[in-house]
Amino acid sequence: MTNRLAVFDCDGTLVDSQHNICAAMARAFEAVQLTPPERLAILAVVGLSLPVAMARLLPEAESDFHDHLADHYKNAFQALRRENAVSEPLYPGVAELVTELDAAGWLLGVATGKSDRGLNLCLSHHGILDRFVTLQTADRHPSKPHPSMLLTAMADAGATPETTVMIGDTSFDIDMGLAAGARAIGVGWGYHPAQELTAAGAHGVAMDSMELRRHIGAP
């Protein structure tokens, strides 16, 4: 029997990290003497790989400068960690849902714009790292919505598109899921509006963990 696989985005889906992201982005822009973008503009690019996100926020700049700004963001986020100023709380019901899916025989994965280091620190902090059989990050893949992360997760888990569901809070997650041939479920508690997820083609949009459980088909 083909394995069932549920792949989660991280920021805006598993954890609420918007305070850290906005703080690090502000520091990155200030480091190059630029006015930081507005909060909503920053949240609109969460989930993209950093150079791609910087290109969205600063389209008039050259690609080398986007890479330079991405490096400043990474340094700023690491500084926040050293200052013990990083807060990435799990959304309500997420830990329980992950545990239930695991117990029901689902294989679990993450596909995220985070780095390997950042994802491992986040999941370890919440004690759920060992629930996931495949972790795909921006360190090793093209930016969402390219399907590379999800295709690799399916290969790792021995799953097919027909038995895989991608769960995320942005249109990038929905686009990636659909590009890989998987079901794509949006969550309405993250950083893109629910109507944007529906417009992207989500098979459903959950407004809380109980509704997400039903969309996934969990017991």
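These numbers come from the heavy atoms of this one structure, side chains and all, not from hydrogens, waters or symmetry mates. Sequential numbering from 1 along the given sequence is applied to the chain's residues.
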Check the pair Val45, Tyr191 against side-chain contact (heavy atoms from CB on, under 4.5 Å), reporting the backbone distance first and the verdict last.
CA-CA 9 Å; Val45 301; Tyr191 306 146; over 6 Å; no
Given the rule in the side-chain contact (heavy atoms from CB on, under 4.5 Å) test, do Met25 and Leu57 qualify, once you have shown the distances and angles that lead to the verdict?
CA-CA 10 Å; Met25 195 67 77; Leu57 293 171; 3.8 Å; yes
Give the C-alpha distance, both sets of side-chain angles, the deciding distance and a yes or no for side-chain contact (heavy atoms from CB on, under 4.5 Å) between Asn120 and Leu135.
CA-CA 9 Å; Asn120 275 274; Leu135 301 175; 4.3 Å; yes
Determine whether Phe29 and Tyr73 satisfy the following criterion, side-chain contact (heavy atoms from CB on, under 4.5 Å), listing intermediate values before the conclusion.
CA-CA 8 Å; Phe29 271 70; Tyr73 178 92; over 6 Å; no
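Atom CG of Asn84 has 12 or fewer heavy atoms from other residues, nucleotides or ligands within 6.0 Å. Residue Glu38 qualifies as open at atom CD: its count of foreign heavy atoms under 6.0 Å is 12 or below. Counting non-hydrogen atoms of neighbouring residues, nucleotides and ligands closer than 6.0 angstrom, the NE2 atom of His203 exceeds 12 such neighbours.
Under 3.5 Å, the side chains of Asp169 and Thr13 contain a donor-acceptor pair of N or O atoms. Looking only at atom types and distance, the side chain of Asn20 has no donor-acceptor partner in the side chain of Gln18 under 3.5 Å away. For the residue pair Thr164/Glu162, the side-chain donor-acceptor check at 3.5 Å is not satisfied.
The shortest non-hydrogen separation linking Pro142 to Ser49 is C-OG, 4.2 Å. Closest of all the heavy-atom pairs between Phe8 and Leu212 is CE2-CD2, 4.3 Å. Across Val187 and Gly12, no two heavy atoms sit closer than the pair CG2-O, 4.0 Å. The two residues Met166 and Gly177 have their closest heavy-atom pair at CB-CA, 4.0 Å. In this structure, Met207 and Ala194 approach most closely via the heavy-atom pair SD-CB, 4.4 Å. Of all non-hydrogen atoms in Gly93 and Ser209, the two that sit nearest each other are CA-OG, 3.5 Å.
We find that Asp139 and Arg117 are not joined by a salt bridge, their nearest charged nitrogen and carboxylate oxygen being 4.0 Å or further apart. In this structure, Asp9 pairs ionically with Lys144, as a charged nitrogen and a carboxylate oxygen lie closer than 4.0 Å. Using a cut-off of 4.0 Å between Lys/Arg side-chain N and Asp/Glu carboxylate O, Lys114 and Glu88 are scored as salt-bridged. The pair Glu83-Arg27 meets the salt-bridge criterion, since a charged nitrogen lies less than 4.0 angstrom from a carboxylate oxygen.
The side-chain heavy atoms of Val15 and Cys10, taken from C-beta on, include a pair separated by under 4.5 Å. Looking at Leu107 and Arg4, their side chains never come closer than 4.5 Å, going by heavy atoms from C-beta outward. The shortest side-chain heavy-atom distance between Leu101 and Ile216 falls under the 4.5 Å cut-off. When side chains are defined from C-beta on, Met210 counts as touching Arg214, because their heavy atoms get closer than 4.5 Å. Here the side chains of Met154 and Leu151 are in contact, with some heavy-atom distance below 4.5 Å.
Ser124 places no side-chain N or O within 3.5 Å of a backbone atom of Leu121 that could act as its donor or acceptor partner. Side chain of Ser115 to backbone of Gly118: a donor-acceptor contact under 3.5 angstrom is found. In this structure, the side chain of Thr99 engages the main chain of Ala95 through a donor-acceptor pair within 3.5 Å. Side chain of Asn3 to main chain of Ala157: a donor-acceptor pair is present (N/O by atom type, distance under 3.5 Å, no hydrogens or angles). His126 places no side-chain N or O within 3.5 Å of a backbone atom of Ile128 that could act as its donor or acceptor partner. In this structure, Asp173 contributes its side chain and Thr170 its backbone to a donor-acceptor pair below 3.5 Å.
With respect to Phe132, the side-chain contact (heavy atoms from CB on, under 4.5 Å) criterion is satisfied by exactly one of Leu123, Val7, Asp102, Leu119: Leu123.
Connection of Val86 to Val110 is established within a shared hydrophobic cluster, with ILVMFWY side chains joined at heavy-atom distances below 4.5 Å, either directly or through further cluster members. Cluster annotation: Val32 and Phe77 are assigned to the same hydrophobic cluster (Ile/Leu/Val/Met/Phe/Trp/Tyr, side-chain heavy-atom contacts under 4.5 Å, transitive). Residues Val46 and Met54 share a hydrophobic cluster, clusters being chains of Ile/Leu/Val/Met/Phe/Trp/Tyr side chains in contact below 4.5 Å. Linking Ile, Leu, Val, Met, Phe, Trp and Tyr residues whenever their side-chain heavy atoms come within less than 4.5 Å places Leu43 and Leu48 in a single cluster. Side-chain heavy atoms closer than 4.5 Å link hydrophobic residues (I, L, V, M, F, W, Y) into clusters, and following such links, possibly through other members, connects Tyr91 to Val165.
Note that the OG1 atom of Thr112 and the CD atom of Gln136 stand 11.0 Å from one another [nearest 0.5 Å]. Atom CG of Leu97 sits about 6.5 Å away from atom CD of Glu100, to the nearest 0.5 Å. Taken from CZ in Arg39 to CD1 in Ile21, the straight-line distance is 11.0 Å, to the nearest 0.5 Å. The distance from atom CD1 of Ile174 to atom CZ of Arg183, rounded to the nearest 0.5 Å, is 11.5 Å. Atoms OG1 and CE, on Thr137 and Met149 in that order, are 7.5 Å from each other to the nearest 0.5 Å. Once rounded to the nearest 0.5 Å, the distance linking SG of Cys122 with CG of Asp11 reads 7.0 Å.
Sorted by first and then second residue, the pairs that involve residues 150-187 and meet ring pair (Phe, Tyr, Trp, His ring centres under 6.0 Å), not counting sequence neighbours, are Phe172-His192.
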